[in-house]
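I have placed the structure first, in the form of structure tokens, so that the comments after it can refer back to it.
Numbering of ligands and ligand atoms starts at 1, following listing order.
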Amino acid sequence: MGKEFVVTPWDVSGNVDYNKLIKEFGLRELKGLPKVFQENVLFRRKIIFAHRDFERIVEAIEKKKKFAMLTGLMPTGKFHIGHMILAQQIIFYQKLGADIYVAVADLESYNTRGQSLEEGRKIAVEEYIKNYITLGLKPEKCEIYFQSDRSRDGEKSGAYYRLANLFGRHATFNEFKAVYGDITPGKMVSAFLQATDIMHPGLKEFSGRVPIVVPVGVDQDPHLRLIRDMTNRLKEPDLILPSSTYHYFIQGLKGGKMSSSDPTSFIALTDSAKEVETKIKKYAFSGGKDTVEEHRAKGGNPDIDVSFQYLRFFFEQDDKKLAQIEEDYRSGKLLTGELKKITIEKINAFLKEHQARRAKIIEKDIEKFLY
Ligand code: TRP
């Protein structure tokens with residue numbers, strides 16, 4: 001829509017033009033993937049839309065060779081439906097046989113957001129890990145770790161922190177500035193740690209020299225570019241450049257960003273049925289027309305309608321049903337209130353089951369994931 005937008009690891013705002021980002025960042029469009037990817041709504045509907053070096057992962061999957069997946073999370077705020085995009089990819093790769101690594105960026109939230117390590121740990125467990133388990137993550141071949149506490153195994157821990165300190169020589173201050181704009185020592189530490197998160201599964205103490213896929217929001221690509229450059233310069237240990245995939249941001253209820261710090265922008269996985277109803281009715285940005293007459297005559301716009309987007313991202317898995325809703329909305333047959341009602345029912349049916357299963361998780365279940 002021609003409006004200005006910003007996408008950096010520290011700021012996402014405006015109307016993001018994803019095609020422009022592909023060009024600006026030098027990404028490649030994701031297409032021609034093997035059939036298994038079609039089973040996943042996020043790939044099938046191109047919500048995951050771009051990549052770097054994903055061929056290595058496709059090859060590993062097709063030839064049934066070992067590969068790993070690593071991603072990271074900021075342990076701040078509530079776990080909301082936006083976070084499900086990543087959660088579902090983690091579980092998808094686990095089903096495909098990948099070694100799974102999830103970095104809890106507690107040092108990053110300490111250094112860049114002023115949050116204590118203790119608070120970060122609590123949020124990681126209560127908000128993230130419990131919901132991952134409920135969504136289907138299994139403890140086998142899966143390590144969730146804290147940046148501040150990589151492993152109780154001394155060799156593993158040593159290997160991680162050694163790598164973190166080897167990158168320092170392989171980047172210049174100007175490169176950091178070019179990638180981040182406004183740079184602080186805290187951001188620099190976070191960037192080196194993120195490089196270590198992404199590259200360390202390839203060390204012999206972990207999965208060894210295997211391809212690693214890193215699914216992330218497209219705001220994280222500046223990190224990936226810097227990491228690739230540093231890894232190319234680092235001759236020893238010899239590591240394979242990461243493969244990465246990029247997904248769209250899910251829109252916040254009112255349009256714009258879904259932000260953990262604004263409860264009227266998200267649906268949390270712990271929201272009650274009543275809260276969901278109120279939030280969708282009151283806040284969900286509508287692509288409908290102002291009056292029923294006008295809507296019937298001209299139709300609504302599902303492309304900008306937040307309720308429709310939520311159905312498309314997660315809650316209507318059936319392509320035919322989704323296409324019917326889209327068609328009816330565009331033609332004016334389906335009104336905004338009716339579309340919202342469908343969305344509320346779908347979300348609440350999902351949350352009811354999710355919350356019942358989440359309530360059964362105990363301390364012991366969580367410990368199986370921590371190293
Ligand atoms: N910087 C990421 C964020 O802001 C968190 C993160 C830390 C991460 N290490 C990572 C993401 C490794 C992907 C891979 O959300």
Side-chain angles (χ1 to χ4, degrees), residues 6-13 48 51-53 57 68-80 82-90 93 98-115 117 120-121 123-124 127-129 132 142-150 160-161 163-164 167 176 179-181 183-184 186-203 206-207 211-228 230-231 239 241-250 257-261 266:
V6 184
V7 175
T8 67
W10 324 104
D11 182 22
V12 177
S13 58
I48 302 162
H51 76 100
R52 289 183 190 274
D53 290 349
I57 301 301
M69 186 232 69
L70 177 133
T71 192
L73 62 93
M74 277 285 244
T76 51
K78 284 250 169 218
F79 190 91
H80 56 59
H83 297 119
M84 283 213 302
I85 302 180
L86 211 50
Q88 281 172 351
Q89 293 179 73
I90 300 172
Y93 286 116
D99 289 353
I100 302 295
Y101 298 90
V102 181
V104 178
D106 63 341
L107 285 175
E108 180 175 347
S109 60
Y110 177 92
N111 277 313
T112 67
R113 310 246 182 125
Q115 180 174 264
L117 297 182
R121 199 170 186 102
I123 292 175
E127 296 294 331
Y128 287 83
I129 301 177
Y132 284 167
C142 175
E143 298 190 7
I144 301 177
Y145 69 91
F146 295 84
Q147 284 179 330
S148 67
D149 189 11
R150 175 59 188 93
Y160 175 84
Y161 293 107
L163 182 62
F167 282 123
F176 268 88
V179 174
Y180 298 114
I183 185 93
T184 66
K187 285 183 188 175
M188 254 163 117
V189 169
S190 306
F192 283 125
L193 276 172
Q194 183 154 346
T196 310
D197 290 331
I198 289 174
M199 299 313 301
H200 87 284
L203 297 173
F206 296 91
S207 291
I212 301 165
V213 59
V214 186
V216 285
V218 70
D219 60 316
Q220 297 296 306
D221 190 57
H223 279 286
L224 267 305
R225 274 174 282 168
L226 183 64
I227 291 165
R228 296 169 75 85
M230 291 193 295
T231 302
L239 298 162
L241 287 186
S243 306
S244 43
T245 64
Y246 303 92
H247 55 75
Y248 284 1
F249 301 109
I250 192 167
K257 199 181 160 197
M258 190 172 281
S259 161
S260 311
S261 54
F266 62 73

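Against a heavy-atom cut-off of under 4.0 Å, Val216 is close to the following atoms of ligand 1: 13 (C). The distance from ligand 1 to the heavy atoms of Ile198 drops below 4.0 Å at these ligand atoms: 12 (C), 14 (C).
Given atom 9 (N) of ligand 1, the protein heavy atom at minimum distance is Asp197 OD2, 2.8 Å. Atom 5 (C) of ligand 1 has as its closest protein heavy atom Glu108 OE1, 3.6 Å. For atom 2 (C) of ligand 1, the closest non-hydrogen atom of the protein is Gln220 OE1, 3.4 Å. Counting protein heavy atoms only, atom 15 (O) of ligand 1 is closest to Met74 CG, 3.5 Å.
When only interatomic distances are considered, the shortest N/O to N/O separation between Thr71 and ligand 1 does not fall below 3.5 Å. In terms of polar-atom proximity, defined here as any N/O pair under 3.5 Å, Gln194 does make such a contact with ligand 1.
With hydrogens and angles ignored, the 3.5 Å screen pairs no side-chain donor or acceptor of Tyr101 with any backbone N or O of Asp197. Side-chain N or O atoms of Ser109 include one that pairs as donor or acceptor with a backbone N or O of Asp106 at under 3.5 Å. Between the side chain of Gln147 and the backbone N or O of Glu108, at least one donor-acceptor pair lies under 3.5 Å.
Ring pair His80/His83 is parallel by interplanar angle, where below 30° counts as parallel and above 60° as perpendicular.
Cation-pi geometry between Arg150 and Tyr161 is not met at under 6.0 angstrom from the ring centre and within 45 degrees of the axis.
At a 4.0 Å heavy-atom cut-off, ligand 1 touches Leu70 through the side chain alone.
Only one option out of His51, Gln88, Gln89, Gln220 pairs with Pro215 in a side chain to side chain contact (heavy atoms under 4.5 Å, CB included); it is Gln89.
Of all the listed residues (Pro242, Ala103, Gly72, Ser190), Gly72 holds the heavy atom that lies closest to atom 8 (C) of ligand 1.
Taking CD1 of Ile57 as the reference point, atom CE of Met69 lies at 10.5 Å (rounded to 0.5 Å).
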